Amino acid sequence: MNNLLAMVIMTVFVVLAVVHAYWAFGGRIMWLAVVPEVRGRPTFTPSALATFGVAIALFACAGLIAATAGVLAVPVSPSVLTWLTFALALVLLLRAVGDFRLVGFFKRVRGTTFARLDTVIYSPLCLTLSLGVFIVTLRHHA
């Protein structure tokens, strides 16, 4: 039961990684709904390489949680794992707060498909993951 939260978080990261890999290899379902827009135009067009990089980073996040929870053995000291997972929790929290313009709870650009999804799904997910990662870190820290 102690690792249930870690397993849920790992699963979320793996699912997100698989979705990003799908996009990197040409999948287009929900593609435009994940890019911030201004005046009906995407603010950037992610390259396949960058999207694949995000997928790798998300898989690494799942691995970090697995290692921190003791599910995966890695040749890294527990104190380093603790600092890395605290850093991950902070990054997720900062993503939820946002840049005060296009993403996060405090964004100014609203009314677009991305902005609505960010308010209802993306930012709450980041906040929830941040809290979950923080709890996993506290339960398993060195």
Side-chain angles (χ1 to χ4, degrees), residues 1-25 27 29-142:
M1 186 67 151
N2 200 23
N3 281 341
L4 179 61
L5 179 60
M7 294 297 214
V8 169
I9 293 169
M10 291 182 314
T11 301
V12 170
F13 278 125
V14 167
V15 168
L16 291 173
V18 168
V19 169
H20 280 78
Y22 161 78
W23 289 329
F25 288 107
I29 295 173
M30 291 291 295
W31 176 252
L32 291 178
V34 297
V35 176
E37 309 162 48
V38 174
R39 292 185 215 74
R41 293 189 175 277
T43 56
F44 66 97
T45 303
S47 69
L49 185 60
T51 305
F52 190 70
V54 172
I56 297 293
L58 290 164
F59 276 123
C61 290
L64 176 61
I65 297 303
T68 299
V71 175
L72 176 68
V74 294
V76 178
S77 75
S79 60
V80 169
L81 290 174
T82 297
W83 282 106
L84 288 172
T85 51
F86 275 135
L88 176 58
L90 178 61
V91 166
L92 290 164
L93 177 62
L94 291 174
R95 166 52 186 89
V97 170
D99 66 355
F100 299 97
R101 182 170 175 255
L102 296 172
V103 300
F105 287 119
F106 302 103
K107 65 187 156 293
R108 288 188 312 255
V109 175
R110 299 191 179 268
T112 66
T113 300
F114 172 84
R116 284 188 292 277
L117 290 170
D118 186 54
T119 298
V120 174
I121 298 172
Y122 310 146
S123 291
L125 178 61
C126 287
L127 183 62
T128 303
L129 285 171
S130 176
L131 180 61
V133 169
F134 184 74
I135 290 168
V136 167
T137 307
L138 288 178
R139 284 185 183 164
H140 299 282
H141 76 85

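Note that the numbering runs from 1 along the sequence shown for the chain. In what follows, every heavy atom counts, from backbone to side chain, and hydrogens, waters and symmetry copies are set aside. Because the structure is predicted, anything quoted here is derived from the model rather than measured.
Residues forming a side-chain contact (heavy atoms from CB on, under 4.5 Å) with Arg101 (at least two apart in sequence, or on another chain): Val38, Asp99, Arg108. By the side chain to side chain donor-acceptor pair (under 3.5 Å) test, Thr112 pairs with no residue at all, sequence neighbours left out. The side chain to side chain donor-acceptor pair (under 3.5 Å) test applied to Thr119 returns Lys107, not counting sequence neighbours. Tyr22 pairs by the ring-ring contact (aromatic ring centres under 6.0 Å, His included) definition with nothing, not counting sequence neighbours. Phe114 pairs by the ring-ring contact (aromatic ring centres under 6.0 Å, His included) definition with Tyr122, not counting sequence neighbours. For Phe105, there are no ring-ring contact (aromatic ring centres under 6.0 Å, His included) partners two or more places apart in sequence or in a different chain.
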Check residues 85-92 and write down every donor-acceptor pair under 3.5 Å in which the side-chain atom is one partner and the other belongs to a residue at least two apart or another chain.
| unit_1 | atom_1 | unit_2 | atom_2 | d |
| --- | --- | --- | --- | --- |
| Thr85 | OG1 | Leu81 | O | 2.9 |
| Thr85 | OG1 | Thr82 | O | 3.0 |
| Thr85 | OG1 | Thr137 | OG1 | 2.9 |

Donor-acceptor pairs are to be reported for all side-chain atoms of residues 5-21 against protein atoms at under 3.5 Å, with residues two or more places apart or in another chain.
| unit_1 | atom_1 | unit_2 | atom_2 | d |
| --- | --- | --- | --- | --- |
| Thr11 | OG1 | Met7 | O | 2.8 |
| His20 | ND1 | Leu16 | O | 2.8 |

Can you give the donor-acceptor pairs under 3.5 Å from side chains of residues 55-77 to other protein atoms, not counting sequence neighbours?
| unit_1 | atom_1 | unit_2 | atom_2 | d |
| --- | --- | --- | --- | --- |
| Thr68 | OG1 | Leu64 | O | 2.9 |
| Ser77 | OG | Ser79 | OG | 3.2 |
| Ser77 | OG | Val80 | N | 3.2 |

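Put simply, the side chain of Trp23 gets close to the backbone of Ile29: a donor and an acceptor are under 3.5 Å apart.
Summarising the geometry, atom SG belonging to Cys126 is positioned 11.5 Å from atom CD1 belonging to Ile121; distances are rounded to the nearest 0.5 Å. Leu102 contributes atom CG, which lies 11.5 Å from atom CZ of Arg110 (distance to the nearest 0.5 angstrom).
Residue pairs meeting the salt bridge (Lys or Arg N to Asp or Glu O under 4.0 Å) criterion with at least one partner in residues 76-98, sequence neighbours excluded, are Arg95-Asp118. The list of side-chain hydrogen bond (donor to acceptor under 3.5 Å, both in side chains) pairs with a residue in residues 37-65, not counting sequence neighbours, is empty.
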